[in-house]
Amino acid sequence: QVQLVESGGGLVQPGGSLRLSCAASGFTFSMYYMRWYRQAPGKERESVATITSTGGITAYADSVKGRFTISRDNAKNTVYLQMNSLRPDDTAIYYCNAFKYPRKYENDYWGQGTQVTVSS
């Protein structure tokens with residue numbers, strides 16, 4: 001049973017911080033790249049942050065650079081997204097995604113999604 005279980009979403013004020021977690025099980029976590037996506041109503045899905053299997057390389061969308069940090073703990077089979085200086089346009093459902101490189105989308109694993117709402 002492959003599972004990606006997310007936690008940490010919720011309602012925060014603009015300028016606030018939130019830390020998302022995604023706990024993986026049922027596959028060899030340390031062999032997978034991990035990615036956070038987000039999607040707001042009426043908007044396209046956006047890749048927010050990516051981290052390689054060992055955590056050696058990270059990449060971010062321009063919209064979150066300098067504010068978000070992706071990290072992973074392979075001993076705990078968990079990937080994190082630290083979100084600081086949150087803005088209302090960060091409001092979206094955030095999804096945890098796992099994939100192998102070179103990527104075949106049909107083999108991706110997905111979390112259930114967690115709602116992040118940034119509002120005063």
Side-chain angles (χ1 to χ4, degrees):
Q1 58 180 43
V2 172
Q3 290 190 85
L4 296 173
V5 181
E6 301 177 7
S7 61
L11 174 65
V12 296
Q13 293 186 338
S17 296
L18 206 60
R19 189 194 195 201
L20 305 183
S21 298
C22 175
S25 61
F27 66 100
T28 306
F29 178 79
S30 61
M31 294 184 178
Y32 281 72
Y33 285 47
M34 300 298 297
R35 176 169 284 166
W36 288 94
Y37 286 89
R38 68 184 182 186
Q39 188 165 26
K43 297 183 179 179
E44 295 182 351
R45 187 181 66 189
E46 176 186 24
S47 177
V48 174
T50 308
I51 189 166
T52 54
S53 58
T54 63
I57 303 173
T58 57
Y60 300 91
D62 288 342
S63 58
V64 307
K65 285 181 180 177
R67 301 188 298 119
F68 290 11
T69 302
I70 188 171
S71 62
R72 67 191 297 161
D73 187 338
N74 284 349
K76 296 181 178 180
N77 286 0
T78 302
V79 63
Y80 307 94
L81 185 67
Q82 178 67 47
M83 304 184 293
N84 299 325
S85 302
L86 284 162
R87 304 166 181 169
D89 60 3
D90 293 320
T91 296
I93 301 174
Y94 284 71
Y95 297 93
C96 179
N97 167 259
F99 67 97
K100 292 188 289 185
Y101 191 90
R103 191 176 189 178
K104 294 183 177 179
Y105 285 90
E106 64 268 28
N107 294 329
D108 281 14
Y109 299 135
W110 289 89
Q112 76 285 358
T114 185
Q115 178 71 46
V116 172
T117 302
V118 185
S119 177
S120 59

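Nothing fancy with the numbering, it's 1 onward along the sequence.
- Here the straight-line distance linking atom OG1 of Thr69 with atom CG of Leu81 works out to 8.0 Å at 0.5 Å rounding.
- For Asn77 (side chain) and Gly26 (main-chain N/O), no donor-acceptor pair under 3.5 Å exists by modelled atom type.
- Between the Arg72 side chain and the Gly55 main chain, no donor and acceptor come within less than 3.5 Å of each other.
- With rounding to the nearest 0.5 Å, the separation of SG in Cys22 from CD in Gln112 is 7.5 Å.
- For the atom pair CD (Glu44) and CD (Gln39), the distance works out to 9.0 Å, reported to the nearest 0.5 Å.
- Here the straight-line distance linking atom CZ of Arg35 with atom CD1 of Ile70 works out to 9.0 Å at 0.5 Å rounding.
- Put simply, the side chain of Thr78 never gets that close to the backbone of Ala23: no donor and acceptor are under 3.5 Å apart.
- Scanning for salt bridge (Lys or Arg N to Asp or Glu O under 4.0 Å) contacts around Lys43 gives an empty result, with sequence neighbours left out.
- Under the 4.5 Å side-chain criterion, counting only non-hydrogen atoms from C-beta, Cys96 is in contact with Trp36.
- Contact detail for Thr52 and Gly56: the closest heavy-atom pair is OG1-N, 3.2 Å.
- Closest of all the heavy-atom pairs between Gly113 and Ile93 is CA-CG2, 3.9 Å.
- Grouping the Ile, Leu, Val, Met, Phe, Trp and Tyr side chains by contacts below 4.5 angstrom, directly or via other members, places Val116 with Met34.
- Val64 has its side chain within reach of Arg38: a pair of non-hydrogen atoms, C-beta onward, lies under 4.5 Å apart.
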For this session: Go through Ser21 and Lys76 one step at a time and tell me if the side-chain contact (heavy atoms from CB on, under 4.5 Å) criterion holds.
Result: CA-CA 11 Å; Ser21 298; Lys76 296 181 178 180; over 6 Å; no
Exercise. Can you check side-chain contact (heavy atoms from CB on, under 4.5 Å) on Ser71 and Gln82, steps first, answer last?
Worked result: CA-CA 8 Å; Ser71 62; Gln82 178 67 47; over 6 Å; no
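- The line from CD of Gln115 to CG of Leu11 is 9.5 Å long, rounded to the nearest 0.5 Å.
- Using a cutoff of 4.0 Å between basic side-chain nitrogens and carboxylate oxygens, Asp90 and Arg87 are not scored as salt-bridged.
- Residue pairs meeting the ring pair (Phe, Tyr, Trp, His ring centres under 6.0 Å) criterion with at least one member in residues 11-32, sequence neighbours excluded, are Phe27-Tyr32, Phe27-Tyr109, Tyr32-Tyr109.
- The ring pair (Phe, Tyr, Trp, His ring centres under 6.0 Å) contacts involving residues 74-101 comprise Tyr33-Phe99, Tyr33-Tyr101, where partners must be two or more places apart or lie in separate chains.
- What you find for Leu4 and Ala24 is that their closest heavy atoms are CD2-CB, 3.5 Å.
- Just one residue in the list Asn84, Leu18, Leu20, Val48 forms a side chain to side chain contact (heavy atoms under 4.5 Å, CB included) with Phe68, and that residue is Val48.
- Rounded to the nearest 0.5 angstrom, Met83 CE and Ser85 OG are separated by 12.0 Å.
- Residues Met31 and Lys100 fail the side-chain proximity criterion, which asks for heavy atoms closer than 4.5 Å.
- Residues Pro14 and Ser119 approach most closely at CD-C, 3.6 Å, considering heavy atoms.
- Across every non-hydrogen atom of Ala40 and Ala92, the tightest pair is N-CB, 3.9 Å.
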